[in-house]
Amino acid sequence: QVQLVESGGGLVQAGGSLRLSCAASGQTFSFYDMGWFRLAPGKELEFVARIRGSGGRVTYAESAKGRFTISGDIAKATVYLQMSSLKPEDTAVYYCATNLRENLRADSVDYWGQGTQVTVST
C-alpha cells in the first residue's frame with residue numbers, strides 16, 4: 001500500500017507564492033507519473049501538473065503554465081508544486097496523486113493524497 005501525504009497549503013494574498021509537497025511512503029515506491037489535481041467549490045476536479053518518474057518530463061494545465069512549477073526528488077519519492085503569482089481563482093483543495101504504470105489522469109489514479117487547502121485572498 002502507498003500513502004501520499006501533502007503539506008504546504010495555507011492562506012496567501014493574491015500575487016503571493018506557496019510551495020506544496022507530497023511525500024510517498026509505504027511499499028517500495030516507483031511511479032510512472034506523479035502530480036497534482038485541484039477541486040474548487042462548485043467546480044469539477046481539475047488537472048494541474050504532473051511529472052514523469054523516468055526522465056522527469058513535466059506537463060501543465062493551461063491555467064498553471066508560467067506560474068506553477070512541478071519538480072520531484074525521486075530518491076525521496078517526493079514531488080513539489082511551486083505556485084507563484086497566485087490568483088483568487090487558484091483557491092481549491094489540492095490533491096497529490098500517482099499512477100504507477102501509465103499517464104496520470106483523473107480517471108487513472110492509483111493513489112490519492114488527503115488534500116491540502118490553498119486559499120488566495122484578494
Side-chain angles (χ1 to χ4, degrees):
Q1 190 73 355
V2 172
Q3 294 82 41
L4 303 179
V5 179
E6 301 107 331
S7 60
L11 174 64
V12 64
Q13 287 188 330
S17 300
L18 280 176
R19 187 194 196 208
L20 305 184
S21 300
C22 175
S25 63
Q27 66 188 48
T28 301
F29 186 67
S30 177
F31 63 88
Y32 188 85
D33 268 357
M34 197 161 168
W36 297 89
F37 295 83
R38 66 185 183 184
L39 183 61
K43 296 187 177 180
E44 295 185 352
L45 186 68
E46 179 187 14
F47 165 77
V48 178
R50 65 175 183 240
I51 185 168
R52 184 69 39 89
S54 177
R57 178 182 177 183
V58 297
T59 303
Y60 295 97
E62 285 298 322
S63 59
K65 287 181 180 178
R67 300 188 301 125
F68 294 2
T69 302
I70 189 170
S71 61
D73 185 332
I74 305 306
K76 296 181 179 179
T78 301
V79 171
Y80 308 96
L81 185 68
Q82 178 68 47
M83 303 185 293
S84 303
S85 301
L86 283 162
K87 306 174 182 179
E89 50 263 44
D90 294 317
T91 295
V93 178
Y94 284 71
Y95 294 92
C96 178
T98 188
N99 187 300
L100 306 183
R101 300 170 305 277
E102 59 184 11
N103 290 351
L104 181 68
R105 305 182 310 272
D107 62 352
S108 70
V109 173
D110 289 325
Y111 297 98
W112 291 96
Q114 81 285 358
T116 185
Q117 177 70 45
V118 171
T119 303
V120 184
S121 64
T122 56

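Panel note: side chain Asp73, backbone Thr78; no donor-acceptor pair is recorded below 3.5 Å. Side-chain atoms of Tyr60 never come within 3.5 Å of backbone atoms of Arg50 as a donor-acceptor pair (strictly under, hydrogens ignored).
For the pair Cys22 and Met34, the minimum side-chain heavy-atom distance is below 4.5 Å. Residues Glu6 and Tyr95 form a side-chain contact, since some pair of their non-hydrogen atoms from C-beta on lies under 4.5 Å apart. In this structure, the side chains of Leu86 and Phe68 come closer than 4.5 Å at one or more pairs of heavy atoms. Two residues are said to be in side-chain contact when any heavy atoms from C-beta on lie closer than 4.5 Å; Val109 and Phe37 meet this criterion. Ser121 places a side-chain heavy atom less than 4.5 Å from the side chain of Leu11. When side chains are defined from C-beta on, Tyr32 does not count as touching Leu100, because their heavy atoms never get closer than 4.5 Å. Considering only heavy atoms from C-beta on, Met83 stays 4.5 Å or farther from Ser17 through its side chain.
In this structure, CD1 on Ile51 lies 12.0 Å from CH2 on Trp36, to the nearest 0.5 angstrom. Taken from OH in Tyr94 to CD in Gln117, the straight-line distance is 9.5 Å, to the nearest 0.5 Å. Rounding to the nearest 0.5 Å places SG of Cys96 at 9.5 Å from CG of Leu81. Rounded to the nearest 0.5 Å, atoms CG (Asp33) and CZ (Arg101) are 11.5 Å apart. To the nearest 0.5 Å, atom CG of residue Leu104 and atom CG of residue Asp110 are 9.0 Å apart. The line from OH of Tyr111 to OG1 of Thr98 is 9.5 Å long, rounded to the nearest 0.5 Å.
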Assess whether side chain to side chain contact (heavy atoms under 4.5 Å, CB included) is satisfied between Val120 and Leu18, documenting all intermediate values.
-> CA-CA 10 Å; Val120 184; Leu18 280 176; over 6 Å; no
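Neither side chain, Glu89 nor Thr91, offers a donor N or O lying under 3.5 Å from an acceptor on the other. Inspection of the Asn103 and Arg52 side chains reveals an N or O donor paired with an N or O acceptor under 3.5 Å. Residues Glu46 and Ser63 have side chains that bring a donor and an acceptor to within less than 3.5 angstrom of each other.
Checking Thr116, Asp90, Val93, Leu45 one by one against Arg38, the side chain to side chain contact (heavy atoms under 4.5 Å, CB included) holds for a single residue, Asp90.
Tyr80 carries Arg19 over the face of its six-membered ring, with the cationic atom under 6.0 Å from the centre and within 45° of the normal.
Hydrophobic clustering keeps Val48 apart from Leu39 (ILVMFWY residues linked when any side-chain heavy atoms are closer than 4.5 Å, directly or through intermediates).
Annotation for Glu44: atom CD does not count as buried by contact number, only 12 or fewer foreign heavy atoms lying within 6.0 Å.
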